[in-house]
Amino acid sequence: MTTLTAYPRELPGLTPPRKGRRPAVAERVLANGLRVLVVRRPSVPLVELRLRIPFQPAPGRRGAAHLTRASVLSQTMLSGTAEMSTVDIAASLQEVGGGLSVGVDADRLLVSGNALSTGLPRLLELLGDVLTGATYPSGEVAAERDRLADRIEMAESQPAHAARKALLGRLYGTHPYAVQTPEPEEVRGVRAPALRTLHASRVLPAGALLVLVGDVSPARALDAVEAALDGWAGSADVPDLRPAPEPEPGPLWLVDRPGSVQSSLRLALGGVDRAHADYQALQLANLVFGGYFSSRLVENIREDKGYTYSPHSSISHLAAGSVTVVDADVATEVTAPALLEIGYELGRIASLPVTQEELDQARQYATGTLQLSVASQGGLAATLLTLTAAGLGLDWLYDQPARLAAVTVEDVHAAATRYLAPARAVTVVLGDASVVRESVSALGPVEEA
């Protein structure tokens with residue numbers, strides 16, 4: 001018979017985080033207006049590339065057309081140039097052990113790439129060819145736009161997509177951020193000439209930002225960028241994007257999904273950008289509330305109640321404003337109880353101070369994930385791009401642990417009271433209205449969207 005010995009469950013104390021070494025950033029603004037940042041990180045013989053081009057839509061109908069065309073453009077930008085087909089581009093990238101991809105969101109067109117360090121000049125040459133000479137062949141555009149429309153239709157059948165769409169509409173109203181996914185039928189109507197026009201008017205270097213991180217000489221990398229992209233020219237007429245509205249509490253929006261066995265709960269509350277004086281305290285308050293697996297929200301509606309698998313809250317940053325979003329998917333029969341518990345946890349953190357232990361654990365997590373975010377070349381490139389576009393930089397990143405260390409229990413309480421009070425929440429529920437209407441109405445006013 002095996003004898004089991006019980007050991008104490010006391011865990012060792014958390015070790016203080018190691019201070020990261022701050023890398024040097026070489027910078028140059030080219031004659032065409034492109035800002036270039038290079039960081040040497042010789043850990044592996046690779047280089048990561050990130051190019052951010054401002055791509056905000058204009059308000060109104062024109063903005064919806066821009067969103068649709070921008071989405072198709074991002075899928076077809078690498079489809080060929082005057083000298084190279086999409087197959088030629090892929091083969092040339094393969095020769096230098098690299099790749100390029102293009103994506104778009106509410107604020108930016110993002111080109112991501114990588115290659116062996118020795119292949120950087122060729123990677124930049126290919127990028128330059130695409131930026132200055134993408135042709136958007138009609139056949140490639142037709143194929144890619146139809147694939148994109150099919151993917152959007154598939155996404156629309158998923159509750160997470162439908163819940164996000166409803167929350168954006170409720171939160172942003174007439175602001176361009178209210179719609180961030182085009183309609184499939186509009187995507188299928190895009191033609192190649194419209195993409196060529198959009199590329200010529202918006203895929204331009206003035207205001208763009210290029211980041212390179214890898215096993216490269218910064219001086220030689222800057223020279224290589226200048227040589228490869230000197231033919232890329234022009235200044236875009238980027239529309240001014242008005243500030244995003246603050247969340248306006250009101251009746252709960254109930255979006256009917258007949259027959260659904262789950263309800264998707266989405267709440268939006270105020271947020272602040274990374275440069276705001278309250279950011280560190282709100283970041284830690286959000287972590288304690290629902291921002292990581294050891295949070296109160298997880299302990300309550302996952303571990304204790306068993307209502308959901310992975311409730312979560314996060315601070316989302318866009319150019320025109322920041323917002324805190326809470327999400328949970330629960331069984332239909334516990335929709336109202338889950339909403340009640342989320343409101344309870346928001347009320348608790350907004351009205352009562354967190355414990356010192358909770359604050360210390362959240363601070364350790366925030367500091368550790370910050371260090372992990374720049375542990376790889378790709379992570380450092382993406383983080384540097386994001387921070388620089390927000391008017392910050394690596395100094396902000398490497399000074400952040402000290403700012404987090406200075407946050408007190410009182411600071412967290414003040415931030416939670418200011419931004420996380422449940423009365424400030426915009427709430428959307430996607431589910432079977434015939435089943436949940438009565439129970440959620442007991443919690444407050446309901447409006448069916």
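All values reported here derive from a predicted model rather than from experimental measurement. Positions are given from 1, in the same order as the sequence printed here.
The heavy-atom pair separating D88 from E83 by the smallest distance is OD2-O, 4.4 Å. Residues Q180 and R164 come closest through the heavy atom pair OE1-NH2, 2.9 Å. The shortest heavy-atom contact between R191 and V141 is C-CG1, 4.4 Å. Nearest heavy atoms, V225 versus L212: CG2-CD1, 3.7 Å. In plain terms, the two heavy atoms of G270 and L282 that are nearest each other are O-CD2, 4.3 Å. Shown here for Q377 and S43, the closest heavy-atom pair between the two residues is NE2-OG, 3.8 Å.
Q400 and Q371 share no donor-acceptor pair across their side chains, judged by distance under 3.5 Å alone. A donor-acceptor pair shorter than 3.5 Å can be found between the side chains of Q356 and D360. Under the 3.5 Å distance criterion, with hydrogens and angles disregarded, no donor-acceptor pair is assigned to the side chains of Q262 and R257. In the model, S112 has no side-chain atom that pairs as donor or acceptor with a side-chain atom of R52 under 3.5 Å.
With Y419 as the partner, the side-chain hydrogen bond (donor to acceptor under 3.5 Å, both in side chains) test is satisfied by one option alone out of N286, T324, D278: D278. Partner D329 forms a side-chain hydrogen bond (donor to acceptor under 3.5 Å, both in side chains) with one of S310, S264, S263 and no other, that one being S264.
Here the side chain of S316 pairs no donor or acceptor atom with the backbone of V323 at under 3.5 angstrom. Not one N or O on the side chain of R266 forms a donor-acceptor pair closer than 3.5 Å with the backbone of T427. In this structure, the side chain of S322 does not engage the main chain of L318 through any donor-acceptor pair within 3.5 Å. A distance-only check finds a donor-acceptor pair linking the side chain of T369 to the backbone of A366 [under 3.5 Å]. At least one donor-acceptor pair closer than 3.5 Å links the side chain of W396 to the backbone N or O of R274. Side-chain atoms of T383 never come within 3.5 Å of backbone atoms of L380 as a donor-acceptor pair (strictly under, hydrogens ignored). Looking at S235, its side chain never comes within 3.5 Å of a backbone N or O of A206 through a donor-acceptor pair. No donor-acceptor pair under 3.5 Å is formed between the side chain of H199 and the backbone N or O of L204. Using modelled atom types, one side-chain atom of W232 and one backbone atom of V203 make a donor-acceptor pair closer than 3.5 Å. A distance-only check finds a donor-acceptor pair linking the side chain of R363 to the backbone of L404 [under 3.5 Å].
Residues L78 and V102 form a side-chain contact, since some pair of their non-hydrogen atoms from C-beta on lies under 4.5 Å apart. Inter-residue side-chain proximity for L254 and V429 is flagged as met; some heavy-atom pair is nearer than 4.5 Å. Considering only heavy atoms from C-beta on, N300 comes within 4.5 Å of K305 through its side chain. Annotation: side chain of R242 is in contact with side chain of P176 (closest heavy-atom distance under 4.5 Å). Side-chain contact check for P23 versus V39: some heavy-atom pair is nearer than 4.5 Å. Taking 4.5 Å as the limit, some side-chain heavy atom of M84 sits within range of a side-chain heavy atom of S92. Taking the side chain as every heavy atom from C-beta outward, V211 and T388 never approach each other to under 4.5 Å. Using a 4.5 Å heavy-atom threshold, the side chains of R202 and I53 count as separate.
Taking a cutoff of 4.0 Å between a charged side-chain nitrogen and a carboxylate oxygen, E95 and R122 do not qualify as a salt bridge. Salt-bridge formation is not detected for the pair E153/R151: no Lys NZ or Arg NE/NH1/NH2 atom is positioned less than 4.0 Å from an Asp or Glu carboxylate oxygen. Comment: D395 engages R22 in a salt bridge, judged by a side-chain N to carboxylate O separation of less than 4.0 angstrom. Under a 4.0 Å N-O distance rule, the pair D150/R188 qualifies as a salt bridge. A salt bridge is absent between R296 and E299: the closest approach of a Lys/Arg side-chain nitrogen to an acidic carboxylate oxygen does not fall below 4.0 angstrom. We find that R147 and E144 are joined by a salt bridge, their nearest charged nitrogen and carboxylate oxygen being less than 4.0 Å apart.
Remark: L267 CG to L346 CG distance equals 6.5 Å, nearest 0.5 Å. Here the CZ-CG distance, from F289 to L284, works out to 15.0 Å after rounding to the nearest 0.5 Å. A distance of 6.5 Å separates CG in D107 from CG in L241, rounded to the nearest 0.5 Å. Here the CG-CG distance, from L127 to L210, works out to 7.0 Å after rounding to the nearest 0.5 Å. Atom OG in S295 sits 8.5 Å away from atom CD1 in I301 (nearest 0.5 Å). Distance CG/L131 to CG/L124: 10.0 Å, rounded to 0.5 Å.
With a 6.0 Å cutoff to the six-membered ring centre and a 45° limit on the axis angle, R302 does not count as a cation-pi contact of Y307.
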Could you please spell out the steps behind the side-chain contact (heavy atoms from CB on, under 4.5 Å) verdict for L209 and L51? CA-CA 6 Å; L209 174 65; L51 172 64; over 6 Å; no
Dump the intermediate steps for side-chain contact (heavy atoms from CB on, under 4.5 Å) on I152 and T181, then the final yes or no. CA-CA 8 Å; I152 293 172; T181 304; 3.9 Å; yes
Where do R145 and E185 land on the salt bridge (charged side-chain N to carboxylate O under 4.0 Å, His left out) test, with the steps shown first? CA-CA 10 Å; R145 76 173 181 226; E185 61 272 18; over 6 Å; no
Walk me through it: do W253 and L167 pass the test side-chain contact (heavy atoms from CB on, under 4.5 Å)? CA-CA 9 Å; W253 263 28; L167 180 64; over 6 Å; no
Under the side-chain hydrogen bond (donor to acceptor under 3.5 Å, both in side chains) criterion, do S74 and R69 qualify, and how do the steps go? CA-CA 9 Å; S74 71; R69 292 169 185 167; over 6 Å; no
Yes or no on side-chain contact (heavy atoms from CB on, under 4.5 Å) for E27 and V36, after CA distance, side-chain angles and deciding distance? CA-CA 6 Å; E27 180 175 349; V36 186; over 6 Å; no
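Within 6.0 Å of atom CD in Q94, 12 or fewer heavy atoms from other residues, nucleotides or ligands are found, so the atom counts as exposed in its surroundings.
Ring-centre distance between H312 and Y292: not below the 6.0 Å cut-off.
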